[in-house]
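Because only heavy atoms are used, hydrogens play no part in the values below, and waters and symmetry mates are left out as well, while side chains stay in.
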Amino acid sequence: MSRLMIATKSTAQTTVEGLYRELERRIVASPPGLCPVDMALVFLKMCHAQTCGKCVPCRIGLGQLGRLLEQVLDGEASMDDIPLIEKTARTIMDTADCAIGYTAAEMVVKGISGFRDDYEEHIRHGKCLASLEQPVPCVALCPARVDIPGYIALVAEGRHADAVRLIRKDNPFPTACAFVCEHPCEARCRRNIVDTSVNIRGIKLAAVDNAGHVPAPECGESTGKRVAIIGGGPSGLSAAYYLQLMGHQTTVFEMHRHLGGMLYYGIPSYRLPRERLDEDINTILSTGVEVKLGTFVGDGEDQVTISDLREMYDAVYISIGAHTDKKVGLEGEDAEGVISAVEMLGTLADGGSMDFTGKRVVVIGGGNVAMDVTRSAIRLGAETVTVVYRRRQVDMTALPEEVRSAVAEGAQIMELHAPVRIDTDEHNKVSALVAQPKLIGLIGKDGRPKPSRSEKPEVSIPCDVVIVAIGQGIETDHFEERGIAIKHGVIAAESWSAVENAPGVFAGGDCVTGPATAIRAIAAGKVAAANIDSYLGYDHTISTDVEIPAPKTKDYFPCGRINVREREPAERKRDFEEVECSLTQEEIRQESARCLRCDHFGFGILKGGRETRW
């Protein structure tokens, strides 16, 4: 008999690996609202099954820890058991021989500090604080709570106009979001259990591309109330739209020449064509929204103050967005050839021109805005475009598809390099960006490894233009001077949008949360509209009479996801025309049929599955 044999997978091992993949898909599809104690117990048992059994802390300790958690869930524990659970877990952490025991116990310790109230609720009342108020994962994860299964079902039947009407019940920017939404709804799509998430954004794009003109609903009877909205971005316009439908007259004060906020001034036209954004804006304005463009809210000449607006209107909503650029703090940052991403994108949006023909461009940053200016620089004729990022490419906050598209169009990603200074020539013009190579280091609280010091020498990157894309700020000085509470550089507002110690003043969007996504700004406008309506003494509801198709009883076989295609990189990088190609009718039918209709089947039908009004 041979001493050595070629290792081959047994049938059992192959099956176990398949089960692991099934488990991974189920974890990905876990919806929000599950009992955290129950989930901790499930993960603990899985870790216990993975142990080799060599050391007592893993073999015995994890089992005992699991029994303690079971007692909590079964209502058999006392308040004295919580310290016992923590003590047992910490003992396992200190004595386990390998990472399996340590991390399993650490998870329990983190749980006690992170959701101790849930432990106590189980012990005292035999129930969990968590609840599946919205059992449909995609709807629960959409900040605006759009009825996603509903509009997918409508698209599947070719009722594209009805799909747009349904979306507008919760989001008056269906077209803009079809192009640029970061689709958090897809993160926990239950279709992940079968294969992979439904292309929700692609289906929305199909709806708006095929719907034609869909007018806004009729406004309610006038209440005689007037609301001032400072800022004509997605949050302000969303609030204006819903307040108009409720019968309140709104006036939007916008400092720029065009409405849309960062949708207009922060997103290049190849991602969001201006005429398509105008489709949403014109529909919002058709409800009777008054607009004052080029109007600043401040203390200068020909400007209106927040105090004036509070006297003139029954309520005020502040949604000024984040339009100021942040400085990177490098030597040479004031040199000729250094521009901010906000400045560049704003200039292009206003019809200005920038000629980068033959120039070497360096972009500092790793977010979506950095990718926007990178791809725009390529279209403006740059000879080379290099993105300098202090972490790894995989750790970029930009959407992975945006990074892939930038690379496909010719951008170079210089990961693990931190900018040190900007070198200039004798005329104070940019000549190079000097960067320090980094090592990838310890994992931070955000789950990303932090860059750490490296002994490698500095690197000089010759360039003619440096674009700084490290984030945006908010101008709050005027509001702070007029008594509006400011905390950590943003307006201090409650979760229902009311501003502290300022009756009748509400705030939402980027000026409260800091720079965030369009759909979060839209959701803030929706929340503000509802609570302003209540503040004014009313209880209006927003609803739609669109009838949702009944789900079909059928088998759901595993099927590949159809993605939205883009024009070829060699073609699209030469212009600012739309890069995405809408799904064909055949693709629409197949992709929309992948939806599992969680609004009807399973727990969805018990909870109603659908919010028809708010």
- Stepwise, does the ring pair (Phe, Tyr, Trp, His ring centres under 6.0 Å) test hold for H540 with Y242? CA-CA 10 Å; H540 292 101; Y242 292 120; over 10 Å; no
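- We find the CG-SG distance between D280 and C177 to be 8.0 Å, quoted to the nearest 0.5 Å.
- Remark: aromatic rings of H478 and F296 are distant, center separation not under 6.0 Å.
- Nearest heavy atom pair, residue I200 against residue Y151, reads CG2-OH, 3.1 Å.
- Remark: the D308 side chain and the T305 side chain contain an N/O donor-acceptor pair separated by less than 3.5 Å.
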- Task: Start with the C-alpha distance between D545 and R165, add both sets of side-chain angles, then the distance that settles salt bridge (charged side-chain N to carboxylate O under 4.0 Å, His left out), and finish with yes or no.
- Result: CA-CA 9 Å; D545 58 359; R165 291 188 184 93; over 6 Å; no
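- In summary, of the residues considered (E577, E402, E401), a salt bridge (charged side-chain N to carboxylate O under 4.0 Å, His left out) with R271 occurs for E402 alone.
- Ring-plane geometry between F576 and Y270 is classed as tilted, the angle between the planes lying from 30 to 60 degrees on a 0 to 90 degree scale.
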- Message: One pair to check against salt bridge (charged side-chain N to carboxylate O under 4.0 Å, His left out): E566 and R572. What are the steps and the verdict?
- Response: CA-CA 8 Å; E566 293 185 340; R572 70 184 189 232; 3.2 Å; yes
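- Nearest approach of S592 to I152, heavy atoms of both residues: O-CG2, 3.6 Å.
- With ring centers used as reference points, H256 lies under 6.0 Å from Y265.
- With sequence neighbours left out, the salt bridge (charged side-chain N to carboxylate O under 4.0 Å, His left out) criterion links R274 to no other residue.
- In this structure, the side chains of I364 and I470 come closer than 4.5 Å at one or more pairs of heavy atoms.
- A salt bridge is absent between D278 and R276: the closest approach of a Lys/Arg side-chain nitrogen to an acidic carboxylate oxygen does not fall below 4.0 angstrom.
- Crowding of D446 atom CG: a count of heavy atoms from other residues, nucleotides or ligands under 6.0 Å exceeding 12.
- The local environment of CD in E494 is crowded, with over 12 non-hydrogen atoms from other residues, nucleotides or ligands closer than 6.0 Å.
- By the 4.5 Å heavy-atom criterion applied to side chains, E580 and L205 are counted as neighbours.
- Of the N and O atoms on the side chains of T250 and Y241, not one donor lies less than 3.5 Å from an acceptor on the other residue.
- Remark: R391 engages no residue in a salt bridge (charged side-chain N to carboxylate O under 4.0 Å, His left out) (not counting sequence neighbours).
- When side chains are defined from C-beta on, R482 counts as touching D299, because their heavy atoms get closer than 4.5 Å.
- In this structure, D533 CG and K225 NZ are separated by 11.0 Å, a value rounded to the nearest 0.5 Å.
- Between I474 atom CD1 and I318 atom CD1 the span is 12.0 Å, to the nearest 0.5 Å.
- Side-chain atoms of Q244 and T287 include no donor-acceptor pair closer than 3.5 Å.
- Between C598 and P149, every side-chain heavy-atom pair lies at or beyond the 4.5 Å cut-off.
- Ring centers of F506 and Y535: under 6.0 Å apart, within the cut-off.
- Side-chain contact between C128 and D118 is present, with heavy atoms from C-beta onward closer than 4.5 Å.
- One distance of note links OG1 of T476 with CD1 of I320; it measures 7.0 Å at 0.5 Å rounding.
- One distance of note links OG1 of T223 with OH of Y538; it measures 4.5 Å at 0.5 Å rounding.
- When atom types are taken as modelled, the side chain of R613 and the backbone of T541 share no donor-acceptor pair closer than 3.5 angstrom.
- Distance CG/D510 to OG/S319: 9.5 Å, rounded to 0.5 Å.
- Checking side-chain atoms of N531 against main-chain N and O of W496 turns up a donor-acceptor pair under 3.5 Å.
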Throw together a table of side-chain donor-acceptor distances under 3.5 angstrom for residues 511-529, partners on residues two or more places apart or in other chains.
from: T513; atom 1: OG1; to: G509; atom 2: O; distance (Å): 3.2
from: T517; atom 1: OG1; to: R520; atom 2: N; distance (Å): 3.4
from: K526; atom 1: NZ; to: A144; atom 2: O; distance (Å): 2.8
from: K526; atom 1: NZ; to: D170; atom 2: OD1; distance (Å): 2.7

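- The closest side-chain heavy-atom distance from L277 to I267 is not below 4.5 Å.
- Two residues are said to be in side-chain contact when any heavy atoms from C-beta on lie closer than 4.5 Å; E186 and C138 fail this criterion.
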- Might you work through the salt bridge (charged side-chain N to carboxylate O under 4.0 Å, His left out) test for E578 and R567, ending with a clear yes or no? CA-CA 9 Å; E578 180 183 339; R567 291 191 292 142; over 6 Å; no
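- D350 has a carboxylate O that lies under 4.0 Å from a charged side-chain N of R257, or vice versa, which qualifies the two as a salt bridge.
- For the pair V316 and V227, the minimum side-chain heavy-atom distance is 4.5 Å or more.
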- Task: Start with the C-alpha gap between R379 and E409, add the side-chain angles, then the distance that decides, and say whether salt bridge (charged side-chain N to carboxylate O under 4.0 Å, His left out) holds.
- Result: CA-CA 9 Å; R379 285 161 172 76; E409 291 170 3; 2.8 Å; yes
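- Using a cutoff of 4.0 Å between basic side-chain nitrogens and carboxylate oxygens, D209 and K204 are not scored as salt-bridged.
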